[in-house]
2 protein chains.
Amino acid sequence: MIADQLELHVSTVSRVLHGTSGESGRAAGPATVERIRRLADELGYRPNPHATGLRTRRSNLIGVLVPRLSDIVLALIYEGIEEAAAGHGLSTFVTNTHDDPGIQRSRTEMVLARRVDGMIFGDAYADARFLAEVTARGVPFVLVSRRAGDLPSVTCDDHLGGRMVGEHLLALGHRDVAVVAGEPYASTGIDRTAGFVAAYASAGIEIPAPRVVASGFDAPGGRAAAEQLLACGPPPSAIFAVNDFAAIGVLGALRDRGLRAGTDISVAGFNDTPLAAELPVPLTTVRSPMREVGRRGVDLLTRLLRGEQAESERLRPELVVRASTAPAPPG
Amino acid sequence: MIADQLELHVSTVSRVLHGTSGESGRAAGPATVERIRRLADELGYRPNPHATGLRTRRSNLIGVLVPRLSDIVLALIYEGIEEAAAGHGLSTFVTNTHDDPGIQRSRTEMVLARRVDGMIFGDAYADARFLAEVTARGVPFVLVSRRAGDLPSVTCDDHLGGRMVGEHLLALGHRDVAVVAGEPYASTGIDRTAGFVAAYASAGIEIPAPRVVASGFDAPGGRAAAEQLLACGPPPSAIFAVNDFAAIGVLGALRDRGLRAGTDISVAGFNDTPLAAELPVPLTTVRSPMREVGRRGVDLLTRLLRGEQAESERLRPELVVRASTAPAPPG
DNA sequence: CTGAAAGCGCTTACAG
DNA sequence: CTGAAAGCGCTTACAG
């Protein structure tokens with residue numbers, strides 16, 4: 001370390017520059033402390049994290065796995081993660097796993113090989129098999145966006161969000177509705193669908209199984225699902241897509257058939273993605289606190305790292321009504 | 001290292017597990033090599049990167065700065081970066097700088113403090129002042145997406161892309177056109193605008209200054225710019241927005257005024273973002289090879305790290321014509 | 001109040 | 001073909 005050019009032992013310098021300083025100041029004499037501090041930031045001294053990591057066995061690094069950052073929902077969650085991590089002096093590795101179990105596994109190994117202190121998974125499968133293995137490895141981790149089993153997680157209260165959409169459509173008089181339900185392995189789609197179905201059940205309406213169709217989380221996925229829904233029999237009067245991209249796909253499918261969203265068939269999405277309000281027919285959706293999910297995920301992880309108890313959190317969503325949903329046609 | 005439980009010296013093990021192996025196999029006797037290899041992957045041994053980094057002064061880490069990952073263009077470039085980096089055995093730190101010079105600076109410091117081997121900037125200002133400071137620090141780096149001065153960069157050939165749009169609109173007979181030009185500090189907007197203007201100049205048409213308006217790179221930015229353009233005087237018959245998000249904003253502004261995109265006013269964007277084709281009026285745009293920009297950026301950086309000469313690259317874009325551009329009204 | 005030592009897990013010449 | 005030593009830059013008890 002260059003700072004011992006002022007003829008002090010490295011250990012003294014280390015003690016001073018270390019966190020101990022906030023304590024009762026027994027790191028060194030006040031004059032010495034002052035000299036060291038001065039020289040340190042004059043030189044822009046930064047401790048070598050490799051040395052520190054080697055010695056302390058803490059890297060202040062966390063690994064983050066997401067399905068894909070090109071999904072704005074995950075990108076915004078990551079912004080929250082990054083922000084909070086920086087606040088805790090942590091750096092993050094993010095990586096895209098494309099919801100592929102093989103990539104999830106290999107990326108986890110890669111990240112672990114880097115000796116991260118903990119991990120954040122944004123790509124949890126509801127069947128938590130792989131995550132059970134990770135638990136067995138003893139690395140602290142939390143889930144964001146999607147939950148699984150009773151692993152520590154920070155998510156939007158998706159069940160409640162789905163229920164809100166259900167109640168909204170019920171209030172508009174829609175009785176024959178359908179759900180574009182997302183991937184069957186993601187708790188987001190599962191919970192949003194369940195909440196929606198539960199709202200209808202409370203009103204004494206059972207949504208028939210063929211009215212609930214699995215789908216990709218992107219626009220082509222939503223479009224395909226909608227086409228399946230519209231292919232035979234009378235169309236539903238409203239469609240709930242469990243995310244905004246799928247909803248955009250639904251909108252496309254409707255347009256192709258000459259149906260007007262809102263007017264002919266109501267459509268609702270989920271997440272309140274920035275584009276939702278900009279669409280030609282602005283989209284009714286559920287606002288989920290994406291950045292906040294990321295931030296709290298980091299907070300939860302830091303608690304875990306300190307050995308504290310960690311409670312999962314469900315953050316409250318908010319219904320945003322726009323022109324894509326309208327009263328059901330009389331009949 | 002646990003692997004010396006087979007009664008060998010660490011140095012032997014290190015030699016075997018190290019890259020030297022591919023060489024003439026003079027790391028150890030064949031039998032020994034075999035035993036070491038076996039035990040190593042039985043135990044899932046991974047060298048501690050802190051120790052390696054401390055010893056070799058190479059971290060195999062690269063820092064990546066982007067304006068925001070929630071911009072899908074950058075997210076896709078980052079996917080390419082990540083992919084290529086993994087192929088080279090490098091891990092990446094990405095961070096959002098929101099195009100804010102203060103954040104660019106502090107994040108660069110943070111990343112440098114982590115002892116990265118090199119950096120990739122996706123948020124270069126055309127005035128390369130800050131980057132000159134980074135050069136002075138001696139860290140190898142490359143630019144992606146945006147270029148600056150003659151620093152090594154991998155970008156789309158934005159000038160050519162702009163020119164392509166210009167020629168397309170000229171061929172459709174548009175003579176009174178406008179540009180929503182993006183932020184003045186980004187080479188993307190500058191070059192695309194310049195290429196477009198050059199195409200018109202070649203046809204003997206000079207685009208008047210008020211027809212070129214700066215804008216944010218997002219939908220609200222595009223909307224605001226379009227409103228300014230439509231506020232007074234006769235509207236142009238076509239608008240070129242230097243990216244798809246801004247183009248979506250333009251579309252919104254047209255809709256608000258009861259103008260139909262394509263029919264009343266032609267609109268073109270840039271990047272061929274996944275949503276461009278899904279819009280109610282599919283968007284004419286320029287496809288830029290985003291993942292490829294990321295991949296090549298990493299390749300370029302690795303060349304720099306090996307001390308080789310590095311040539312900037314301009315990747316070829318492709319015009320994608322859709323319904324949002326149509327022949328100019330006669331007159 | 002400050003110094004000296006040990007050690008984190010590697011790699012790299014250098015011996016033998 | 002393999003071992004032994006030195007050292008990367010820190011931190012952490014432990015002396016004095």
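To find a chain, count down the sequence lines: A is the first, B the second, and so on, and within it residues start at 1. Because only heavy atoms are used, hydrogens play no part in the values below, and waters and symmetry mates are left out as well, while side chains stay in.
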Worksheet item: Quick one: A:Arg46 CZ to D:dG9 C1', roughly how many Å, whole number?
Response: 16 Å
Worksheet entry | Nearest-Å distance for atom pair CZ/P, residues B:Arg55 and D:dA6 | 13 Å
Discussion item. What is the separation between atom CG on B:Asn48 and atom P on D:dG9, rounded to the nearest whole Å?
Written reply: 16 Å
Worksheet item: Atom CG of A:Leu54 and atom C1' of D:dG7: how far apart are they, to the nearest Å?
Response: 12 Å
Worksheet item: Salt bridge between A:Glu292 and A:Arg316, side-chain N to carboxylate O under 4.0 Å?
Response: no
Worksheet, complete the sentence: Under the rule of Watson-Crick or G-U wobble with both distances under 3.5 Å, where | means paired to another strand and [ ] a crossing pair, DNA chain C maps to |||.||||||||.|||
Item to complete: Would you mind reading off the distance between B:Arg114 atom CZ and D:dG9 atom P, rounded to a whole angstrom?
Response: 17 Å
Fill in: Nucleotide C:dG9, atom P - distance to CZ of B:Arg57 in whole Å
20 Å
Worksheet item: Under 4.5 Å between any side-chain heavy atoms of B:Asp123 and B:Arg146, yes or no?
Response: yes
Discussion item. Looking only at the side chain of A:Ala51 (C-beta and beyond, no hydrogens), which of the listed nucleotides C:dC10, D:dC10, C:dT12 gets closest?
Written reply: D:dC10
Worksheet item: At under 4.0 Å, does any side-chain N or O of A:Tyr45 touch on OP1 or OP2 of D:dC10?
Response: yes
Worksheet item: Strictly by modelled atom types, are A:Arg114 and B:Ser91 linked by a side-chain donor-acceptor pair under 3.5 Å?
Response: yes
Practice prompt. Starting at atom CZ of A:Arg115, determine the distance to atom P of D:dC10, rounded to an integer number of angstrom.
Written response: 20 Å
Practice prompt. State, without any angle test, whether A:His88 and A:Asn60 hold a side-chain donor-acceptor pair at a distance under 3.5 Å.
Written response: no
Item to complete: State whether B:Glu83 and B:Arg295 are salt-bridged, where the test is any N-O pair (Lys NZ or Arg NE/NH1/NH2 against Asp/Glu carboxylate O) under 4.0 Å.
Response: yes
Worksheet item: Between B:Arg58 and B:Thr52, is any side-chain donor less than 3.5 angstrom from a side-chain acceptor?
Response: no
